[in-house]
> 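Before I ask anything, let me first share the structure, which is written out below as structure tokens.
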2 protein chains.
Amino acid sequence: MVENSPSTSWPSPYFAAIFTSQRTGDDEPGYQAMAARMEQLARQQPGFLGVEHAHSPDGQGITVSYWASRAALAAWREEIEHRAAQALGRQRWYASYRLRVAVVERESYFP
Amino acid sequence: MVENSPSTSWPSPYFAAIFTSQRTGDDEPGYQAMAARMEQLARQQPGFLGVEHAHSPDGQGITVSYWASRAALAAWREEIEHRAAQALGRQRWYASYRLRVAVVERESYFP
């Protein structure tokens with residue numbers, strides 16, 4: 001199990017899906033369950049490396065998932081249950097979001 | 001002023017500094033002031049595009065800043081007052097952090 005922690009590391013280059021979102025309100029029914037299910041599903045995908053997330057009380061959220069290849073990241077975007085969750089998210093939970101696909105070139109860490 | 005919002009956009013490719021951190025505790029004196037000062041300073045740097053951040057109550061934080069070029073991002077990492085803040089952060093505020101430098105290749109958004 002990959003921890004939600006900044007202490008993980010993988011050989012560069014690898015790929016990041018930077019998902020920034022603004023939620024519509026408080027805990028709309030089903031959101032937490034959906035989020036947990038999507039993380040569980042992501043971890044089962046080929047090429048999954050890890051995920052980090054932070055959610056401010058004001059509804060701003062950032063989730064960054066990391067992938068071994070562009071193809072693995074693209075496959076996750078197209079995964080059928082994930083697509084259904086995305087559609088539901090647009091209907092119910094997200095006022096707005098942006099997904100950026102990026103190549104991680106280098107990193108540094110502390111400690 | 002660039003908003004902390006997922007609705008901004010810039011021509012790809014551009015560059016992202018993905019900073020994920022775990023804070024040592026609650027609001028250690030000076031942290032909020034330092035964070036606000038660093039954001040103000042970043043906005044004055046050449047090549048700054050925007051910044052997004054989310055901080056969970058458990059101390060997990062993600063800040064992603066966006067830059068027009070690798071050089072602009074590198075210059076920000078080396079900026080003298082920013083370096084002093086980084087040193088202070090390692091002493092006082094962060095149990096751990098990781099900084100990833102990435103090239104944003106594509107993005108999508110809602111609505």
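Throughout, a chain's letter reflects where its sequence line sits, starting with A, and its residues are numbered from 1.
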> Which residue out of A:S56, A:G89, A:P13 racks up the most heavy-atom pairs below 4.5 Å with chain B?
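The option with the most such pairs is A:S56.
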> Is there a side-chain contact between B:I18 and A:Y66 in this structure, where contact means two heavy atoms from C-beta onward sitting under 4.5 Å apart?
yes
> Would you indicate whether the side-chain heavy atoms of B:R77 and A:S108 approach each other to under 4.5 Å?
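A:S108 vs B:R77: side chains touch.
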> Which is it for B:E105 and A:R70 under the salt bridge (charged side-chain N to carboxylate O under 4.0 Å, His left out) test, yes or no, and what are the steps along the way?
CA-CA 11 Å; B:E105 296 187 329; A:R70 274 188 193 85; 2.6 Å; yes
> Does B:R100 make a cation-pi contact with A:Y14, if we ask for NZ or CZ under 6.0 Å from the ring centre and within 45° of the axis?
no
> Who among A:V104, A:T63, A:V64, A:V101 has the most heavy-atom pairs with chain B under 4.5 Å?
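The option with the most such pairs is A:V101.
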> Are side-chain heavy atoms of B:P111 and A:S96 found at a separation under 4.5 Å?
yes
> Determine whether A:I62 and B:E52 satisfy the following criterion, side-chain contact (heavy atoms from CB on, under 4.5 Å), listing intermediate values before the conclusion.
CA-CA 8 Å; A:I62 303 181; B:E52 296 175 317; 4.2 Å; yes
> Quick one: what part of A:A17 sits under 4.5 Å from any heavy atom of chain B, side chain, backbone, both or neither?
neither
> Report the C-alpha separation of B:R98 and A:F110 in whole Å, then their side-chain angles, then the decisive distance to 0.1 Å, and conclude whether the side-chain contact (heavy atoms from CB on, under 4.5 Å) test is met.
CA-CA 6 Å; B:R98 186 167 293 269; A:F110 165 79; over 6 Å; no
